[in-house]
Number of protein chains: 2
Amino acid sequence: MATTTAAQRRAAAKVQFDAFLAACPSRQLLDRISDKWVVLILCALGGDGLPRPARGKGGGPRALRYSQLARTLAGVSQKMLTQTLRSLERDGLVTRTVTPTVPVTVTYELTDLGRSLLEVVRGLKTWAENNMTTVLAHREAYDARTSRP
Amino acid sequence: MATTTAAQRRAAAKVQFDAFLAACPSRQLLDRISDKWVVLILCALGGDGLPRPARGKGGGPRALRYSQLARTLAGVSQKMLTQTLRSLERDGLVTRTVTPTVPVTVTYELTDLGRSLLEVVRGLKTWAENNMTTVLAHREAYDARTSRP
DNA sequence: CAGGATCCAGTAGGATACTG
DNA sequence: CAGTATCCTACTGGATCCTG
């Protein structure tokens, strides 16, 4: 139907969020997802930090336990881990599943929305890792240039 | 040559930065580039926030003046703008050009390295803008679910 | 115009202790 | 095991004033 298509076009065009605007909610969302821990958690749930890449299927997104996440993200405090996981859950990026064993087992898994964001933030992590040497060289040159009286 | 290939493989494999490790410098770099202002500045220098998309050539990366950046990133303090620009310059992501007019004119432009990062962070900004509605719906559902006694 | 310098409130985030 | 709660520090980041 032409009407449906037109309506869809309008709906898509209507939602004009612009992160350049201070008051736009998308700026706050950008602020939330532009976070070290968000990137690392999503990548971990995406299967990037698993020590055993040769898993059952193919290293795709997996459900991880809280303690597994804590171990993968070396140096994260439980406060930041829990806090970040909560906000990710609230935003619909991860699901939290509680299995009533003794002691209780809690697993986190990416949602479809979370996987779509993973594609983006994974690029951030790999960019940082791949260009570290170049950036380090630039810093050295910059510091040598500016520290000279 | 087989030796060259082997050496290249070794060189590529040798630079094993892992942002999952707390002590790895790539984690700090990830922390730096995972920043609201970094994303917005790079996007602005990439030509995303220009009011006139129909420019001379094709809206590609351009040199922008300090004041233009300040206007594009609505609500940014001059402290954060200057501070972020300095760190971007230090890391070799942007160049700073001073033209000795009166008053002085300063322009910022992306380097090749900066452009490579722009490809990534631009995805972050557009993701936030495109999925804002979905995230908002998830939050509402989550809050309604948890606020109930 | 493009910042540098300073002051200062708010909060991010770590350490620690306790719990279902 | 998987948190919650509390305390406390350090840094973030905004506002303001000043300069080449």
Side-chain angles (χ1 to χ4, degrees), chain A residues 19 21-23 27-41 44-45 63-90 94-109 142 145-147 149, chain B residues 19 21-23 27-41 44-45 63-90 94-109 142 145-147 149:
Chain A
L21 304 174
R27 166 154 325 173
Q28 297 163 18
L29 181 57
L30 176 63
D31 200 20
R32 283 210 167 283
I33 64 181
S34 300
D35 179 63
K36 185 181 36 175
W37 301 126
V38 169
V39 173
L40 291 177
I41 287 178
L45 292 177
L64 288 186
R65 299 184 56 170
Y66 181 88
S67 50
Q68 292 182 290
L69 280 170
R71 237 171 295 120
T72 305
L73 308 198
V76 67
S77 64
Q78 78 286 48
K79 179 183 177 179
M80 288 316 296
L81 183 54
T82 303
Q83 188 174 295
T84 308
L85 283 169
R86 284 288 174 279
S87 89
L88 291 178
E89 186 194 2
R90 190 170 103 103
V94 305
T95 56
R96 179 173 178 271
T97 308
V98 181
T99 310
T101 52
V102 276
V104 68
T105 306
V106 181
T107 60
Y108 292 90
E109 194 166 12
Y142 180 92
R145 200 183 320 137
T146 55
S147 66
Chain B
L21 303 175
R27 168 157 320 175
Q28 297 163 18
L29 180 58
L30 176 62
D31 200 20
R32 282 207 171 285
I33 63 181
S34 299
D35 179 63
K36 184 181 39 177
W37 301 125
V38 169
V39 173
L40 291 177
I41 287 178
L45 291 177
L64 289 186
R65 301 184 55 170
Y66 182 88
S67 50
Q68 292 181 289
L69 280 170
R71 238 171 294 118
T72 306
L73 308 197
V76 68
S77 65
Q78 78 288 47
K79 178 181 178 179
M80 288 316 296
L81 183 54
T82 303
Q83 187 173 295
T84 308
L85 283 169
R86 285 288 174 278
S87 87
L88 290 178
E89 186 195 2
R90 191 169 103 102
V94 305
T95 57
R96 178 172 178 272
T97 308
V98 182
T99 310
T101 52
V102 276
V104 68
T105 306
V106 181
T107 59
Y108 292 90
E109 193 165 13
Y142 181 92
R145 201 182 319 137
T146 55
S147 66

Legend entry - Phosphate contact (C:dG3 OP1 or OP2) by B:Tyr108 side-chain N/O below 4.0 Å: yes
Inset, instruction - Taking side-chain contact (heavy atoms from CB on, under 4.5 Å) as the test, write out the residues that go with A:Arg65, two or more places apart. - result: A:Ser67, A:Gln68, A:Thr105, A:Thr107
Inset, instruction - Return the value, rounded to whole Å, for the distance between atom CZ of B:Arg27 and atom P of C:dG13. - result: 12 Å
Inset, instruction - For A:Gln78 and C:dA17, give me the distance from atom CD to atom P, rounded to whole Å. - result: 12 Å
Inset, instruction - Would you indicate whether the side-chain heavy atoms of A:Thr72 and A:Leu40 approach each other to under 4.5 Å? - result: no
Inset, instruction - Take the protein atom CG of A:Leu73 and the nucleotide atom P of C:dG13, then report the distance between them rounded to whole Å. - result: 14 Å
Legend entry - Value rounded to 0.5 Å, distance of CG in B:Asp35 from CG in B:Leu88: 8.5 Å
Inset, instruction - For B:Thr97, check side-chain hydrogen bond (donor to acceptor under 3.5 Å, both in side chains) against everything at least two apart and list the hits. - result: none
Inset, instruction - Rounding to 10 degrees, work out the angle separating the end axes of the helix from C:dC1-D:dG20 to C:dG20-D:dC1 (five pairs an end). - result: 50°
Legend entry - Atom-to-atom span, CG of B:Leu69 to P of C:dC1 - whole angstrom: 14 Å
Legend entry - Sorted by number, the residues of residues 95-105 of chain A with heavy-atom contact under 4.0 Å to DNA chain D: A:Arg96, A:Pro103, A:Val104
Check: protein-nucleotides 9-14 of chain D nitrogen or oxygen pairs below 3.5 Å:
unit_1, atom_1, unit_2, atom_2, d
D:dG13, N7, B:Lys79, NZ, 2.6
D:dG13, O6, B:Lys79, NZ, 3.4
D:dG14, OP2, B:Ser77, OG, 2.8
D:dG14, O6, B:Lys79, NZ, 2.7

Legend entry - Whole-Å distance separating the CD atom of B:Gln68 from the C1' atom of C:dG3: 17 Å
Legend entry - Residue pairs, two or more places apart or on separate chains, that pass salt bridge (charged side-chain N to carboxylate O under 4.0 Å, His left out) and touch residues 68-87 of chain A: none
Inset, instruction - Check the distance between C:dA12's C1' and A:Leu81's CG and give it to me in whole angstrom. - result: 16 Å
Legend entry - B:Thr82 vs C:dG3: side-chain N/O to OP1/OP2 distance below 4.0 Å: no
Inset, instruction - Report the residues that fulfil side-chain hydrogen bond (donor to acceptor under 3.5 Å, both in side chains) with A:Thr82, sequence neighbours left out, ordered by chain and then residue number. - result: A:Tyr66
Legend entry - Residues forming a side-chain hydrogen bond (donor to acceptor under 3.5 Å, both in side chains) with A:Thr99, sequence neighbours excluded: none
Legend entry - side-chain hydrogen bond (donor to acceptor under 3.5 Å, both in side chains) against A:Ser77, all qualifying residues, sequence neighbours excluded: none
Inset, instruction - Taking the side chain as every heavy atom from C-beta outward, state whether A:Val76 and A:Ile41 have any atom pair closer than 4.5 Å. - result: no
Inset, instruction - Take atom CD of B:Glu89 and atom P of C:dG4, then tell me their distance rounded to the nearest Å. - result: 10 Å
Legend entry - Rounded interatomic separation in angstrom, taking CZ from A:Arg71 and P from D:dG3: 14 Å
Legend entry - Partner set under salt bridge (charged side-chain N to carboxylate O under 4.0 Å, His left out) for A:Arg90, not counting sequence neighbours: B:Asp143
Legend entry - Phosphate-side-chain proximity, A:Arg65 and D:dA2, N/O vs OP1/OP2 below 4.0 Å: yes
Inset, instruction - Just jot down the side-chain contact (heavy atoms from CB on, under 4.5 Å) partners of A:Val98, sequence neighbours excluded, or say none. - result: A:Arg96, A:Val104, A:Val106
